[in-house]
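In what follows, a single structure is set out as structure tokens and then discussed.
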Amino acid sequence: MALYLSYEVSLPSQKILAAEWSNTDIPVLGVSTSKKKITFFQDEGINISEHDVKNEKLITALTWHPSEMILAYGSDSGYVGVWIDESNTTKEEFNHDGKVTIIKFNNEGNRIISIDDKGMINVWRFPPLSNMCQYKQSYSIM
């Protein structure tokens, strides 16, 4: 069975770069845009603008924690960050040579993997956000 939502999300004059649904009981859609921010929407398409995350970088990849309202993101300039809903705070770390194209939490929510377009793979410990190890591939991973 498939469930499709038919509500319109309004983002005038903005290009959507990444979007991801939360894994919690109350579904929230996180959307990164060309206006260098992450906007949140309820499943009815209602904008939750008081939680917008403004950034100086373009956010190119998003992933939600498997059980909490915590969003990890990667940027076009190699930064990886987390936004925590409970405190409405962000923390960022720089550790990539290129644009972060993939970011994912593990099933337990205590590790994050981020991959950039130059073949760099980082594994992060969470919480707090701290780099554990890094691998460099000789090819691009998209």
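M132 CE to I113 CD1: the interatomic distance, rounded to the nearest 0.5 Å, is 11.0 Å. Here the CD atom belonging to E92 is positioned 6.5 Å from the OG atom belonging to S75, to the nearest 0.5 angstrom. L129 CG to K91 NZ: the interatomic distance, rounded to the nearest 0.5 Å, is 5.5 Å. Note that the OG1 atom of T33 and the CG atom of L11 stand 6.5 Å from one another [nearest 0.5 Å]. For the atom pair CZ of R125 and OG of S130, the computed distance is 5.0 Å after rounding to the nearest 0.5 Å. Here CD1 of I115 is found 6.5 Å from OG1 of T101. Values are rounded to the nearest 0.5 Å.
A donor-acceptor pair under 3.5 Å is absent between the side-chain atoms of W21 and the main chain of V28, judged by distance alone. T63 places no side-chain N or O within 3.5 Å of a backbone atom of A72 that could act as its donor or acceptor partner. Side-chain atoms of N55 do not come within 3.5 Å of backbone N or O of I59 as any donor-acceptor pair. Side-chain atoms of T24 do not come within 3.5 Å of backbone N or O of S67 as any donor-acceptor pair.
Here the shortest heavy-atom pairing between N106 and P66 reads O-CG, 3.5 Å. Nearest heavy atoms, R111 versus V123: CD-CG1, 4.4 Å.
A continuous path of ILVMFWY side-chain contacts below 4.5 Å connects V100 to W124, so both sit in one hydrophobic cluster. There is a path of hydrophobic side-chain contacts, each under 4.5 Å, that joins V53 to L62. Cluster annotation: Y135 and I102 are assigned to the same hydrophobic cluster (Ile/Leu/Val/Met/Phe/Trp/Tyr, side-chain heavy-atom contacts under 4.5 Å, transitive). Using a 4.5 Å cut-off between side-chain heavy atoms of Ile, Leu, Val, Met, Phe, Trp and Tyr, with links allowed through other members, L17 and I38 fall into different hydrophobic clusters.
Looking only at atom types and distance, the side chain of N88 has a donor-acceptor partner in the side chain of W83 under 3.5 Å away. Side-chain contact check for H96 and N122: at least one donor-acceptor pair (N or O, by modelled atom type) lies under 3.5 Å. A donor-acceptor pair shorter than 3.5 Å cannot be found between the side chains of Q42 and N47. With hydrogens and angles left out, the side-chain atoms of E93 and N95 include no donor and acceptor closer than 3.5 Å.
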Verify side-chain contact (heavy atoms from CB on, under 4.5 Å) between D43 and L29, making sure each step is shown before the conclusion.
CA-CA 7 Å; D43 59 350; L29 177 66; over 6 Å; no
Kindly determine whether V80 and I103 satisfy side-chain contact (heavy atoms from CB on, under 4.5 Å), including the steps that lead there.
CA-CA 9 Å; V80 168; I103 189 165; 3.8 Å; yes
For I112 and V82, what are the C-alpha separation, side-chain angles and deciding distance, and is it a side-chain contact (heavy atoms from CB on, under 4.5 Å)?
CA-CA 10 Å; I112 301 170; V82 290; 4.0 Å; yes
side-chain contact (heavy atoms from CB on, under 4.5 Å) for D97 and D116? Distances and angles first, verdict last.
CA-CA 7 Å; D97 295 331; D116 69 29; 4.3 Å; yes
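The closest side-chain heavy-atom distance from K36 to K57 is not below 4.5 Å. In this structure, K118 and Q137 have side chains that are not in contact, with every pair of non-hydrogen atoms separated by 4.5 Å or more. You'll find the side chain of H65 stays beyond 4.5 Å of the side chain of S22, heavy atoms only.
Heavy-atom contacts from other residues, nucleotides or ligands closer than 6.0 Å to NZ of K54 number 12 or fewer. Counting heavy atoms of neighbouring residues, nucleotides and ligands inside a 6.0 Å radius, atom CD of E86 does not exceed 12 of them. In the displayed structure, E50 atom CD is contacted under 6.0 Å by more than 12 heavy atoms of other residues, nucleotides or ligands.
Ion pairing of D52 with K37 is present here, as a side-chain N (NZ or NE/NH1/NH2) and a carboxylate O approach within less than 4.0 Å.
A centroid separation of 6.0 Å or more is found between the aromatic rings of Y73 and Y79.
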